[in-house]
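Worksheet for the structure shown next.
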Amino acid sequence: MSISRKNIEEALSKITLPNQGQSVIESGAIKNIQVFGTEIIIDIEIDNPTLQYKKRVESECINAIHQYVTKNSDVKINIAVQKSNVKNKLKGKEIPGVKNIIAVSSAKGGVGKSTIASNIAVGLSNLGYEVGIIDADIYGPSTHIMFGLQGEYPTAINIDGKSKINPLVSYGVRVNSIGFFAQSQEAVVWRGPMASKALNQLLWDTHWGELDYLIVDLPPGTGDIHLSLVQSIPLTGAIVISTPQDIALADARKGVHMFQMEEIDVPVLGIIENMSYFIPPDSQDKKYYIFGNSGAKLLAEDLNVSLLAEIPIEQSIREAADAGRPAAMQKNTFTSKIFNKLSNDLVNIIQKRNVNLPPTKRVEITHNKGCSTNKK
């Protein structure tokens, strides 16, 4: 059959972009359709620059054409985020009293991101700084467990006539987590907008007081929560966690690239390699690189970012997390020294970043038929 523009538009009208409420045709996201025999080229503008969103839009458009037009077509989707002068108002600019906000991210799950984030928070507190931590891993919160706060609930506090969440304090760190508000055996089954709203409540409805550092423990991936965070607040910088395996490093590369995207432009403070090596208790002079050697170091060099630390596989780290007492709290142990050095190095890096780079602007999503992403 011959392929016409009308056939393609009819097929695409069956697709509704996430969070749009309109078909991809009605929203005006389709900017151009070209047909060259069996080759179809479609130009699309979207308001979400994350990789998952782009892949979803691309996949749904290709599937619709193959299903409703013809399977024998070569479909190419060009996705762009175009700038616009029409601004969409977003909530807030900075969290009052909070000097530095650090996102701890991993594009891959299971690499120990929450463990690292918790120990960084404790390490900074050990240095005498005022520190808070948000568990923004909406679907798999664990920070409240790592700080020994399982079963505890934050109270409300009245600030200037407004009711705020009073974060719990553990080991000198102010903690707020979705885990306080969800039952321990309850799965959090939310779509992106609900998860993003929950993140904003943790950020803005919490009375953080005066903080030198606020650590944000992000969920795995590069999706809605990450975009909501950079939309809501100007981040001081981001830390990406990986393990030495090639699969984890491939995802870590994506995580670094996400923060370095032109539309987001958040400084990457460095990469941390977790589960870097194993030292057997009976042979302290030996290191076994179970998951590979120097993977994160080579990635950091390739991406021109710092390698902040190589954290070993250590039974005490796991035991400390399970017991609700982060390993950085231990006195003069091998791992506590690593975490405390990491925290001290991080302070120096952040101080240099604040001297040498301008404050990060929060990302602002703007709309004009198609969609765009600006910095403000």
Side-chain angles (χ1 to χ4, degrees), residues 1-88 90 107 191-193 196 221-231 250-266 268 303 361-376:
M1 63 172 289
S2 61
I3 302 173
S4 69
R5 182 187 178 96
K6 182 178 180 181
N7 296 146
I8 296 169
E9 289 178 344
E10 289 177 353
L12 295 178
S13 67
K14 302 179 185 298
I15 299 172
T16 301
L17 291 178
N19 311 329
Q20 283 281 335
Q22 295 178 309
S23 76
V24 71
I25 295 293
E26 293 171 328
S27 68
I30 302 297
K31 295 304 173 185
N32 192 25
I33 297 174
Q34 299 180 73
V35 181
F36 303 97
T38 59
E39 182 183 20
I40 301 170
I41 301 175
I42 302 173
D43 297 329
I44 303 177
E45 292 176 1
I46 59 175
D47 68 343
N48 186 329
T50 60
L51 182 61
Q52 288 98 327
Y53 192 92
K54 291 179 180 178
K55 290 292 186 184
R56 178 173 175 180
V57 172
E58 180 181 20
S59 176
E60 290 191 7
C61 289
I62 292 173
N63 290 340
I65 291 171
H66 284 167
Q67 181 177 354
Y68 299 108
V69 182
T70 175
K71 293 181 179 179
N72 301 318
S73 60
D74 179 16
V75 184
K76 295 181 180 179
I77 308 294
N78 299 320
I79 296 180
V81 181
Q82 184 180 0
K83 292 185 178 180
S84 168
N85 293 322
V86 182
K87 297 181 177 179
N88 184 34
L90 293 170
R191 294 188 182 275
S196 297
T222 53
D224 286 336
I225 295 297
H226 305 73
L227 185 60
S228 294
L229 180 67
V230 297
Q231 283 181 251
D251 286 340
R253 182 183 293 273
K254 296 174 186 175
V256 171
H257 284 160
M258 176 193 70
F259 288 111
Q260 292 179 335
M261 290 174 62
E262 182 181 356
E263 301 91 345
I264 293 178
D265 193 25
V266 170
V268 176
L303 297 177
K361 298 178 181 180
R362 66 188 175 93
V363 171
E364 180 163 312
I365 297 300
T366 58
H367 301 265
N368 183 7
K369 288 189 177 181
C371 314
S372 69
T373 308
N374 291 337
K375 299 285 289 189
K376 180 177 180 180

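Only a predicted model underlies this, so the values are computations on that prediction, with no experimental measurement involved. Positions are given from 1, in the same order as the sequence printed here. No hydrogens, no waters, no symmetry mates; every other heavy atom, side chains included, goes into these values.
- Every side chain to side chain donor-acceptor pair (under 3.5 Å) that E39 has, sequence neighbours left out, goes to K76.
- In this view, S13 and S23, I25 satisfy the side chain to side chain contact (heavy atoms under 4.5 Å, CB included) rule, not counting sequence neighbours.
- Partners of K14 under the salt bridge (Lys or Arg N to Asp or Glu O under 4.0 Å) rule, at least two apart in sequence or in another chain, do not exist in this structure.
- N63 meets the side chain to side chain contact (heavy atoms under 4.5 Å, CB included) test with S59; sequence neighbours excluded.
- One finds the NZ atom of K71 at 10.0 Å from the NE2 atom of H66 (value rounded to the nearest 0.5 Å).
- The shortest side-chain heavy-atom distance between I40 and I65 falls under the 4.5 Å cut-off.
- Annotation: side chain of L12 is in contact with side chain of I42 (closest heavy-atom distance under 4.5 Å).
- Of the inter-residue distances, the one linking S73 atom OG with I62 atom CD1 reads 9.0 Å to the nearest 0.5 angstrom.
- For the pair N78/I44, no side-chain contact is recorded, criterion being any heavy-atom separation below 4.5 Å from C-beta on.
- Among residues two or more places apart in sequence or in another chain, the side chain to side chain contact (heavy atoms under 4.5 Å, CB included) test is passed with Q34 by N32, F36, I41.
- Across every non-hydrogen atom of G37 and I3, the tightest pair is O-CD1, 3.8 Å.
- For the pair Q260 and L303, the tightest heavy-atom approach, listed with the atom from each and the gap, is NE2-O, 4.4 Å.
- K6 meets the side chain to side chain contact (heavy atoms under 4.5 Å, CB included) test with S4, E10; sequence neighbours excluded.
- Inter-residue side-chain proximity for V24 and T16 is flagged as unmet; no heavy-atom pair is nearer than 4.5 Å.
- Put simply, the side chain of C61 reaches to within 4.5 Å of the side chain of I15, judged on heavy atoms.
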